[in-house]
Amino acid sequence: MPCSILILGGYRLKRVLLMAMVFLMLTGCEALTFSVDKLLKAPNIADEQAAIHQALIESTGRSITLAYPRNGDYLSAFVIRDIDGDETDEALVFYTPSGFVSEQNVRIAVLDKDSDGKWHAMYELAGNGTSIDTVRVSEYEGATDIIIGYGTALYDENRVSIYRYKNGVLASIFDGTYTMLDLIDIDSCGDDEIVTIKKLGTDVTVSAIKTKDAFISEVKLSASASAISGFKFGKLMKDAPALFVDVVDETASLVTEVVTTSDGRLCVLSQENQLPVYLTRRSQGYKSMDFDGDGIVEVPVLTSFMGYADFMYEPEFMTIWTAYDPQTGAFRHKSSSYYSPESGYVFKLPNRWVNFVTVIKDKQTKEITFVKYDAAIESISDMQKLISIAVVDRQNVGSYMNNGYNVVKSGSDSAIMVKTHADIDEPLMLTSDEISSNIYKVEKSSDIIIP
Ligand SMILES: [Ca+2]
Ligand SMILES: [Ca+2]
Ligand SMILES: [Ca+2]
């Protein structure tokens, strides 16, 4: 018995390796993303894709280059699923015919399986751009929307087409342009809308598309934009869902506009409440985010720490996290913190520290030290030290521990380490629980521009 399993194993392995070699020959360099290792782990998907690929080559009569989505969770050149509701899977393949040098549009083929299990090309069309930016497939009230974002030869211009596959025909039901795209249930109806953010000149428009009712709601933001930095979907205070769009304005600062819905239509909260957008103005890199994981997206604004006079070059900034309160129509202060976008952590200041503590940063190591502010002492570096926070590469953790630092949060390649300087009888000193519960690991941000 063990012997026959071994033989079967050997046979399978050979078949898979053979398939991998055929695959490599068929697709040229594109196939390098499919390692033999992956094929061994998931032979069925790879076999199916190889069969689909082969059927497509037979149908087009020439070799093809697969086109892979650049962004998003779905990064395969194949989509295998039931896209017409007949309970059997179809396959979508993104590709360009090989052998052309000039920029040409990506093509999309639909293949279906006959009763013998053989794949046949059913339909194919030219896409709306020269590369695939992102692919999403979404069920919306029983119909399947195939959402394809295309890159174009123009910098910063992406196009989106939404397709339906019916009676053997793949047809576009919507074409548009976008800068950023996501599927978000922005109106809490239970189904995701296709939400796009696009910049045209200095205007930024947010659109929500409901394919079921062929309904598009669109709003223009107030800010005059030189770029869109990013967006976050989350909650306002009082649980309302909202889209927070970070825009680089004409002063090269970041501002945030909040888009939500009212009676199923998009609205911009700053316009509803005549709230000036410049109130959210801060340096680039300080993105809106749910830093504390409570579901509410906070917008950071900056103020300098005590002891850094306005005229000082490179002051240290305190980050105030604000949350939009729909009831008062304004941003409300939630927490004061030290936030390091480059190191990727937030240290929330305990209430008893606010107005009593300032910070020194070691420009070389980026380590920061909180000190007890004393107006009678001329230099901040001579004030009573409380704690230091350092982000330490994995290989240096040991030597920091020898120097009195403790690991508070650890990641795969680095750890956040803290050293305490003052005794516990110092009223501003924190317990180790207070320290660890006030440190939040957040996404790093590289595009920091201090004005
Ligand atoms: Ca089907
Ligand atoms: Ca919805
Ligand atoms: Ca939050």
Side-chain angles (χ1 to χ4, degrees), residues 69-75 79 132-150 158-164 173-200 203-223 225 228-247 255-272 280 287-291 293-299 323-324 326 442-443:
R70 286 190 306 238
N71 295 303
D73 296 333
Y74 199 83
L75 297 172
V79 173
I132 303 276
D133 177 47
T134 188
V135 171
R136 309 293 179 92
V137 182
S138 140
E139 300 291 330
Y140 204 102
E141 301 260 330
T144 304
D145 289 333
I146 301 147
I147 302 141
I148 302 181
Y150 297 97
N158 296 321
R159 296 195 195 119
V160 58
S161 294
I162 305 169
Y163 301 95
R164 292 273 175 88
I173 57 167
F174 176 87
D175 296 297
T177 61
Y178 72 97
T179 311
M180 289 173 187
L181 177 152
D182 209 349
L183 298 185
I184 295 170
D185 184 7
I186 197 164
D187 60 0
S188 305
C189 75
D191 282 310
D192 285 345
E193 284 72 43
I194 301 159
V195 174
T196 63
I197 306 170
K198 66 183 171 213
K199 180 179 161 293
L200 200 67
D203 288 345
V204 176
T205 311
V206 178
S207 308
I209 305 161
K210 283 174 179 278
T211 53
K212 186 194 82 176
D213 329 297
F215 174 76
I216 302 175
S217 178
E218 204 164 71
V219 283
K220 202 182 111 190
L221 305 185
S222 322
I228 302 171
S229 166
F231 66 91
K232 290 284 182 320
F233 180 63
K235 284 185 207 154
L236 303 171
M237 281 179 159
K238 323 283 183 219
D239 265 11
L243 186 69
F244 295 74
V245 186
D246 286 346
V247 166
V255 293
T256 300
E257 295 228 50
V258 186
V259 177
T260 184
T261 55
S262 164
D263 297 327
R265 287 178 182 279
L266 297 180
C267 57
V268 184
L269 287 177
S270 60
Q271 292 163 8
E272 299 271 300
T280 64
K287 297 180 178 184
S288 302
M289 67 172 86
D290 175 12
F291 85 93
D294 67 353
I296 295 169
V297 174
E298 288 87 20
V299 178
Y324 190 85
V442 299
E443 61 177 293

Short N-O contact, Lys220 and Asp203, less than 4.0 angstrom: yes
Intermediate values then yes/no, side-chain contact (heavy atoms from CB on, under 4.5 Å), Phe244 and Glu298: CA-CA 9 Å; Phe244 295 74; Glu298 288 87 20; over 6 Å; no
Heavy-atom pair of closest approach, residues Tyr150 and Ser161: CE1-OG, 4.0 Å
Contacts of type side chain to side chain donor-acceptor pair (under 3.5 Å), residue Asp294, not counting sequence neighbours: Lys334
Can you list, pair by pair, the side-chain donor-acceptor contacts under 3.5 Å of residues 179-190, counting residues two or more places apart and other chains?
unit_1	atom_1	unit_2	atom_2	d
Thr179	OG1	Lys199	N	3.1
Asp182	OD1	Arg136	NH1	3.1
Asp185	OD1	Ser188	N	3.1
Asp185	OD1	Cys189	N	3.0
Asp185	OD2	Gly190	N	2.9
Asp187	OD1	Cys189	N	3.2
Asp187	OD2	Lys210	NZ	2.7

Candidate pair Val160 and Ile209, rule side-chain contact (heavy atoms from CB on, under 4.5 Å), full reasoning: CA-CA 12 Å; Val160 58; Ile209 305 161; 5.7 Å; no
Flag if over 12 foreign heavy atoms under 6.0 Å of CZ, Arg70: yes
Side chain to side chain donor-acceptor pair (under 3.5 Å) partners of Glu272, counting only residues at least two apart: none
Worked verdict on Ile173 versus Tyr163 for side-chain contact (heavy atoms from CB on, under 4.5 Å): CA-CA 6 Å; Ile173 57 167; Tyr163 301 95; over 6 Å; no
Sub-4.5 Å side-chain heavy-atom contact between Ile147 and Ser138: yes
Shortest non-hydrogen contact from Val255 toward Ala223: CG2-CB, 3.9 Å
Closest non-hydrogen atom pair, Gly72 against Thr134: CA-OG1, 4.1 Å
Greater than 12 external heavy atoms within 6.0 Å of Leu200's CG: no
Residues Thr211 and Asp145: side-chain donor-acceptor under 3.5 angstrom: yes
Exercise: identify the closest heavy-atom pair between Lys198 and Tyr178: CB-CA, 3.7 Å
Expected output: side-chain Ser217 to main-chain Leu266 donor-acceptor under 3.5 Å: yes
Audit row: Tyr74, Val79, side-chain contact (heavy atoms from CB on, under 4.5 Å) steps and yes/no: CA-CA 9 Å; Tyr74 199 83; Val79 173; 3.6 Å; yes
Gln271 and Ser222: side chain donor to acceptor below 3.5 Å: yes
Reference residue Cys267; test side-chain contact (heavy atoms from CB on, under 4.5 Å); the match among Thr260, Val259, Val258: Thr260
